[in-house]
Amino acid sequence: MPLSIIIPALNEANHIVATLTPLQAMRARGAEVILVDGGSGDATKALAEPLVDRIINGVRGRAPQMNTGAQAAKGDSLLFLHADSRLLVDADFLIRDALSRSHVAWGRFDVAIDGDHFMLPIIAGFMNWRSRATGIATGDQGIFVTRAAFDALGGFPDQPLMEDIEFSSGLMKLAPPICISDKIITSGRRWEKHGVWRTIALMWWLRLRYWLGASPAEIHRAYYK
């Protein structure tokens, strides 16, 4: 089951090498790595070029970038990886084993948040618990899916935020996810930059507004000010 790893990026020069380095062992085993750039003005593409199989210039926006990468991908299974997240070097084996099980169409990893604040492990633990309880995954958790399931769903919805929530909600209608306890490490930069407690409150407020019917565009404006 060949694996294609799709990474949407925008001005990620500070993180992209750390993200791509663990993927080189997977590339040696046959995995395909595609970076979809949304118009970076820094050195993201230059740094990524020797470490990926293909760079695609896409329309800015995580959902359209991931859909563009999926359309170009050759693999029978797809992994969507944030540009500031790091996988274990044997993640391809874990994905292969998970998707080879009967009726498993998709899954995700547990997450750990990189940073110094004492609350970050607690936040990550809650994210993992909530995902196991609800079956809903976020992009930070490295969502992987069979090509057949991705195509059946029509890809990620074309919306500026919460696209991962809608995508995993749709996948839940096809099958429950496999939750891999091995951890993907994601950057805690937003929590540390804007304050952990403030960011927690903001995320809960935005999720509540979303579930109460606020549009993705409204949530996006509130998130990015």
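The basis for the numbers below is simple: all heavy atoms, side chains too, and nothing from hydrogens, waters or symmetry mates.
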Distance, nearest 0.5 Å, that separates OG of Ser169 from CG of Asp164: 9.0 Å
Output the distance between atom CG (Asn14) and atom OG (Ser187), rounded to the nearest 0.5 Å. 10.0 Å
Does Val89 belong to the same Ile/Leu/Val/Met/Phe/Trp/Tyr cluster as Leu20, with side-chain heavy atoms less than 4.5 Å apart forming each link? no
Testing the basics here: between Ile56 and Ala72, what is the closest heavy-atom pair and its distance to 0.1 Å? CD1-CB, 3.5 Å
Connected via hydrophobic side-chain network under 4.5 Å: Leu87 and Phe93: no
Using the side chain to side chain donor-acceptor pair (under 3.5 Å) criterion, which residues pair with Glu12? Sequence neighbours excluded. Arg189
Strictly below 4.0 Å, N to O, side chains only: are Asp76 and Lys74 in salt-bridge contact? no
Non-neighbouring partners of Thr68 that pass side chain to side chain donor-acceptor pair (under 3.5 Å), sequence neighbours left out: none
Are Asp182 and Asp90 packed together at the side-chain level, in the sense that at least one heavy-atom pair is separated by less than 4.5 angstrom? no
Side chain to side chain, Asn67 and Phe80, heavy atoms closer than 4.5 Å: no
Applying side-chain contact (heavy atoms from CB on, under 4.5 Å) between Thr186 and each of Thr19, Thr138, Ile113, Asp114, report the one that passes. Ile113
Is there a path from Ile34 to Val59 through hydrophobic residues (I, L, V, M, F, W, Y) whose side chains come within less than 4.5 Å of each other? no
Where Ala73 and Leu78 come nearest, the two heavy atoms and their spacing: CB-CD2, 3.9 Å
Nearest non-hydrogen partners of Ile136 and Gln141, listed with the distance: O-OE1, 4.4 Å
Evaluate side-chain contact (heavy atoms from CB on, under 4.5 Å) for Glu166 paired with Tyr210, printing each intermediate quantity in order. CA-CA 11 Å; Glu166 288 298 322; Tyr210 188 67; 2.7 Å; yes
Under 3.5 Å donor-acceptor, Thr146 side chain and Ser77 backbone: no
For the pair Ile180 and Phe144, evaluate side-chain contact (heavy atoms from CB on, under 4.5 Å) and give the outcome as yes or no after the intermediate values. CA-CA 11 Å; Ile180 297 178; Phe144 55 88; 3.6 Å; yes
Please lay out, stage by stage, how Leu81 and Ile184 fare under the test side-chain contact (heavy atoms from CB on, under 4.5 Å). CA-CA 10 Å; Leu81 181 66; Ile184 185 172; 3.4 Å; yes
If Ile, Leu, Val, Met, Phe, Trp and Tyr residues are connected whenever their side-chain heavy atoms lie under 4.5 Å apart, and connections chain through other members, are Ile123 and Ile185 in the same group? no
Can I get a per-line list of side-chain donor-acceptor pairs under 3.5 Å for residues 2-10, giving both atom names and the distance, sequence neighbours left out?
{"unit_1": "Ser4", "atom_1": "OG", "unit_2": "Glu32", "atom_2": "OE1", "d": "2.5"}
{"unit_1": "Ser4", "atom_1": "OG", "unit_2": "Gly75", "atom_2": "N", "d": "2.8"}

Expected output: side-chain Thr21 to main-chain Val17 donor-acceptor under 3.5 Å: yes
Test item: Asp37 side-chain N/O and Ser40 main-chain N/O as donor-acceptor pair under 3.5 Å: yes
Selection residues 39-61 - residue pairs positive for salt bridge (charged side-chain N to carboxylate O under 4.0 Å, His left out), sequence neighbours left out: Arg27-Asp53
Backbone N/O of Asp110 and side chain of Arg132: donor-acceptor pair under 3.5 Å: no
Aromatic rings His117 and Trp197: how do their planes relate, parallel, tilted or perpendicular, breaks at 30° and 60°? perpendicular
Looking at Asn128 and Val111, would you say the former's side chain and the latter's main chain have a donor-acceptor pair under 3.5 Å? yes
Using a 3.5 Å distance criterion without hydrogens, assess whether the side chain of Trp106 forms a donor-acceptor pair with backbone atoms of Ala175. yes
Minimum heavy-atom separation for Thr44 to Ala13, with atom names? OG1-N, 3.1 Å
Mind listing the closest non-hydrogen atom pair of Gln159 and Ala63 along with its distance? O-CB, 3.9 Å
Output for pair (Thr199 OG1, Arg190 CZ), nearest 0.5 Å, gives 6.0 Å
Might you point out which heavy atoms bring Arg108 and Ser131 nearest each other, and give the distance in Å? NE-OG, 2.9 Å
Can you tell me how far apart CD (Glu218) and CG (Leu206) are? Round to the nearest 0.5 Å. 11.0 Å
Do the side chains of Val33 and Leu51 get nearer than 4.5 Å, heavy atoms only? no
Tell me, please, which residues at least two apart from Glu192 pass side chain to side chain donor-acceptor pair (under 3.5 Å). none
So, using side chain to side chain donor-acceptor pair (under 3.5 Å) as the criterion, who are the partners of Glu163 when residues are at least two apart? none
Here the gap from Leu23 atom CG to Arg29 atom CZ, rounded to the nearest 0.5 Å, amounts to 10.5 Å
Working to the nearest 0.5 angstrom, can you tell me the gap between Phe109 CZ and Leu88 CG? 7.0 Å
Are any of the side-chain heavy atoms of Phe118 and Val196 separated by less than 4.5 Å? no
Verdict with reasoning, Asp84 to Arg86, per salt bridge (Lys or Arg N to Asp or Glu O under 4.0 Å): CA-CA 7 Å; Asp84 62 353; Arg86 303 192 303 275; over 6 Å; no
